[in-house]
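Below is one structure; the comments refer to it alone.
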Amino acid sequence: MSKHVFKRAGFLAAAIGAAGLLSAGVASAHVTANVYGPQPEKGGYGSIFFRVPNEEKDAGTVKVEITLKPEYALSSVRAKPLPGWKAEVVKSKLPAPVTTDSGTQITEAVTKVSWTAEPGTKIAAGSAEFQEFQISAGKFPTNVDAIEFPATQTYENGKVVEWNQPTPASGEEPEHPAPSVKLAEKSGDGHGGGHGSDAKASEESHASSSSSDNTARWLGGAGLVVGALGLGVGAGATLRARRATASSSKTEGTE
């Protein structure tokens, strides 16, 4: 086999390895609000999952706080218990009463939901882990197409990151976008989402999504391994090519 074939093999293997490493990389992650299952309707209820990644290399996340804007007047909000985290739902008096479509005046509503890590619990440092925090809320406002949930992420080293920037009309994502959920139009069945069958569908869809996430993370790890092997093969092929070239040169010199 000629030295040119060895060189080509080395370059190809190195290229495959680099591609594997790049494909396994993850873009900068944000705190997001997700819905699994039917989209919440205006004037209805729904379950929302706040996905919180960890972006600090040397510090874990120990507290997450979600702000519910007073104008949404969400009077019914429940946080799903999560082992290792203490949840707190804060209800406050509204600056001004909010009148619903049915004519009911709401003077108090939930304005914050927080999860604080108990000793020994955190979202670990680095970008390999995330945690999801779930709430069930309603009734959602009828005069907006989407609701925003500004979030505050606190790290164990004291760093605080505010995810509260609205996405402009241009659609260009800001550096720290506020988690948001789009609302579907009312279906007219009088339910508009809810805590019952729709919540169950949401849980089932979430389980499927989590399984997909695990598969994606496994594939990402496999990509890293393949990439490393590719780089190793490339390096080995290049070394063999150099040895073959050196040996050939010595033989030619002897002759």
Side-chain angles (χ1 to χ4, degrees), residues 13-37 47-67 79-88 113-135 149-165 167 173-181 202-235:
I16 293 174
L21 291 174
L22 290 174
S23 63
V26 180
S28 179
H30 304 319
V31 175
T32 57
N34 304 290
V35 175
Y36 306 108
S47 291
I48 299 173
F49 298 79
F50 297 97
R51 178 171 295 191
V52 182
N54 200 95
E55 294 188 314
E56 285 291 294
K57 294 181 180 180
D58 303 315
T61 298
V62 293
K63 185 175 182 179
V64 177
E65 184 177 80
I66 305 297
T67 297
K80 183 175 181 178
L82 184 65
W85 297 81
K86 180 182 178 181
E88 182 180 10
V113 181
S114 65
W115 292 266
T116 304
E118 297 176 348
T121 301
K122 63 183 176 181
I123 305 175
S127 59
E129 292 191 12
F130 68 87
Q131 183 60 269
E132 281 191 321
F133 304 89
Q134 180 187 356
I135 66 170
F149 299 94
T152 301
Q153 182 175 13
T154 303
Y155 291 92
E156 60 185 332
N157 61 1
K159 181 177 180 179
V160 176
V161 179
E162 300 285 352
W163 301 93
N164 58 4
Q165 297 175 332
T167 301
E173 187 176 75
E175 183 178 1
H176 294 97
S180 62
V181 169
S202 177
E203 293 280 3
E204 292 174 350
S205 297
H206 173 241
S208 175
S209 175
S210 296
S211 175
S212 298
D213 285 336
N214 291 335
T215 301
R217 291 172 67 184
W218 183 88
L219 290 175
L224 286 173
V225 174
V226 172
L229 290 175
L231 289 175
V233 172

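All figures in this text were calculated on a predicted structure; none of them were measured in a lab.
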Non-hydrogen atoms of S47 and V35 that approach each other most closely: O-CG2, 4.1 Å

Gap between atom CD1 of I123 and atom CD of E132 - 0.5 Å precision: 10.5 Å

Pairwise distance CZ(F49) to OH(Y36) - rounded to 0.5 angstrom: 6.5 Å

Sub-4.5 Å side-chain heavy-atom contact between V64 and F50: no

Non-neighbouring partners of E88 that pass side chain to side chain contact (heavy atoms under 4.5 Å, CB included), sequence neighbours left out: V90, S114

Residue from V31, V181, N164 passing side chain to side chain contact (heavy atoms under 4.5 Å, CB included) with F149: V181

By side chain to side chain contact (heavy atoms under 4.5 Å, CB included) - contacts of K86 (at least two apart): E118

Residue list, ring-ring contact (aromatic ring centres under 6.0 Å, His included) with F133, at least two apart or on another chain: W85, W115

Pairing residues for T152 by the side chain to side chain contact (heavy atoms under 4.5 Å, CB included) criterion, not counting sequence neighbours: E65, T154, V160, E162

Side chain to side chain donor-acceptor pair (under 3.5 Å) involving N34 - partner list, sequence neighbours excluded: T32

Residues which pass side chain to side chain donor-acceptor pair (under 3.5 Å) with K122, listed by chain and number, not counting sequence neighbours: E156

Residues which pass side chain to side chain donor-acceptor pair (under 3.5 Å) with T67, listed by chain and number, not counting sequence neighbours: K112

Polar side-chain atom of Y155 near backbone of E55 as donor-acceptor pair, under 3.5 Å: yes

Sole candidate of Q153, H30, H176 that passes side-chain hydrogen bond (donor to acceptor under 3.5 Å, both in side chains) when paired with W163: Q153

Closest contact, heavy atoms only, A87 versus A79: CB-CB, 4.0 Å

Set of side chain to side chain donor-acceptor pair (under 3.5 Å) partners for Q165, sequence neighbours left out: none

